[in-house]
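Worksheet for the structure shown next.
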Amino acid sequence: QVQLDESGGGLVQPGGSLRLSCAATGSIFSIYTTVTWYRQSPGKQRVMVAAITSGGSTNYADSVKGRFTISRDSAKNTVYLQMNSLKPEDTAVYYCNFLLPIQSFWGRGTQVTVSS
C-alpha cells in the first residue's frame, strides 16, 4: 500500500520553476517529527535539500538557499518544495521522507530535469 505520494517533477528550462508535492496519510501527517526532501543524481550520493519540523522550523542546503522553499498544508496532509531559479545542477531524482517517533517513510521519488 502506497503511503507517500510524490508529484510535480518534470522538464524545465534554466531559470524556471517547479513545485514538488509529497502527500501523506492522515495518520502519518498527524505524528511526524520532521519532513525532509533529498535528491540524488546518477553516480552521486543522496544529499539533503530542505527539511521542516512539526513545529515549523526549516533548514536548507547551502546550494539551494534563497531559491527553494519548503512548506506544508495540514488540510491536505501535504508538504511542498517550491523550486525557483532552477539550474542544470539541480537535475536529480527528488525524494521526500517523513520521520516519525520510531520509524520513517519514503516517497518513490520524482525526476527533475533542468536543461535547455
Side-chain angles (χ1 to χ4, degrees):
Q1 182 175 356
V2 177
Q3 295 170 297
L4 302 181
D5 188 7
E6 293 189 40
S7 63
L11 175 64
V12 65
Q13 295 179 340
S17 298
L18 287 172
R19 188 178 72 163
L20 307 184
S21 300
C22 186
T25 65
S27 59
I28 290 175
F29 200 91
S30 67
I31 64 171
Y32 82 86
T33 61
T34 304
V35 178
T36 304
W37 285 95
Y38 299 88
R39 69 186 182 190
Q40 186 171 25
S41 300
K44 306 291 185 180
Q45 295 186 11
R46 183 190 65 199
V47 297
M48 187 275 288
V49 175
I52 186 168
T53 70
S54 59
S57 298
T58 59
N59 188 35
Y60 299 93
D62 288 341
S63 60
V64 306
K65 286 181 179 177
R67 300 188 297 121
F68 290 12
T69 303
I70 188 170
S71 63
R72 63 188 177 185
D73 185 342
S74 297
K76 298 183 180 295
N77 297 327
T78 300
V79 173
Y80 302 98
L81 184 66
Q82 178 68 46
M83 306 185 295
N84 299 325
S85 302
L86 283 163
K87 305 174 180 179
E89 50 262 46
D90 295 317
T91 296
V93 178
Y94 286 70
Y95 300 89
C96 62
N97 175 275
F98 276 71
L99 177 63
L100 276 59
I102 61 172
Q103 65 186 127
S104 65
F105 295 88
W106 286 91
R108 296 170 298 173
T110 185
Q111 176 70 51
V112 171
T113 302
V114 185
S115 176
S116 60

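Position 1 is the first residue of the sequence; numbering continues from there.
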Check: [Y] and [X] side chains under 4.5 Å, non-hydrogen atoms:
X	Y	answer
Ile70	Tyr80	no
Gln13	Val114	no
Phe29	Val79	yes
Phe68	Asp90	yes
Tyr60	Val49	no
Asn77	Thr25	no
Thr34	Ile52	no
Val64	Met83	no

ask   = Closest approach of Pro14 and Ser116, non-hydrogen atoms and distance?
value = CD-N, 3.8 Å
ask   = So, for Ser30 and Ser27, which heavy atoms are closest and what is the spacing to 0.1 Å?
value = OG-O, 3.0 Å
ask   = So Leu11 and Gln111, side chain to side chain contact (heavy atoms under 4.5 Å, CB included) or not? Walk me through it.
value = CA-CA 8 Å; Leu11 175 64; Gln111 176 70 51; over 6 Å; no
task = Show the numbers, then the answer: is there a side chain to side chain contact (heavy atoms under 4.5 Å, CB included) between Gln82 and Ser71?
result = CA-CA 8 Å; Gln82 178 68 46; Ser71 63; over 6 Å; no
note = Sorted by chain and number, sequence neighbours left out, ring pair (Phe, Tyr, Trp, His ring centres under 6.0 Å) with Phe98 holds for Tyr32
query = Where do Thr91 and Val112 land on the side chain to side chain contact (heavy atoms under 4.5 Å, CB included) test, with the steps shown first?
reply = CA-CA 5 Å; Thr91 296; Val112 171; 5.8 Å; no
task = Please report the C-alpha distance between Leu18 and Leu86 in whole Å, then the side-chain angles of each, then the deciding distance to 0.1 Å, and finally whether the side chain to side chain contact (heavy atoms under 4.5 Å, CB included) criterion is met.
result = CA-CA 8 Å; Leu18 287 172; Leu86 283 163; 4.2 Å; yes
message = Let me confirm one number: the CG-CZ distance from Leu20 to Arg39, rounded to the nearest 0.5 Å.
response = 11.0 Å
task = Would you list the pairs meeting side-chain hydrogen bond (donor to acceptor under 3.5 Å, both in side chains) in which at least one residue belongs to residues 40-50, sequence neighbours left out?
result = none
ask   = Is there a side-chain hydrogen bond (donor to acceptor under 3.5 Å, both in side chains) between Asp73 and Thr78 once you walk through the steps?
value = CA-CA 5 Å; Asp73 185 342; Thr78 300; over 6 Å; no
ask   = For Met48, what are the other residues in its hydrophobic cluster, where any two members join if their side-chain heavy atoms are less than 4.5 angstrom apart?
value = Tyr38, Val93, Tyr95, Trp106
request  = May I ask you to decide whether Lys65 forms a salt bridge with Asp62, counting only side-chain N to carboxylate O separations under 4.0 Å?
outcome  = yes
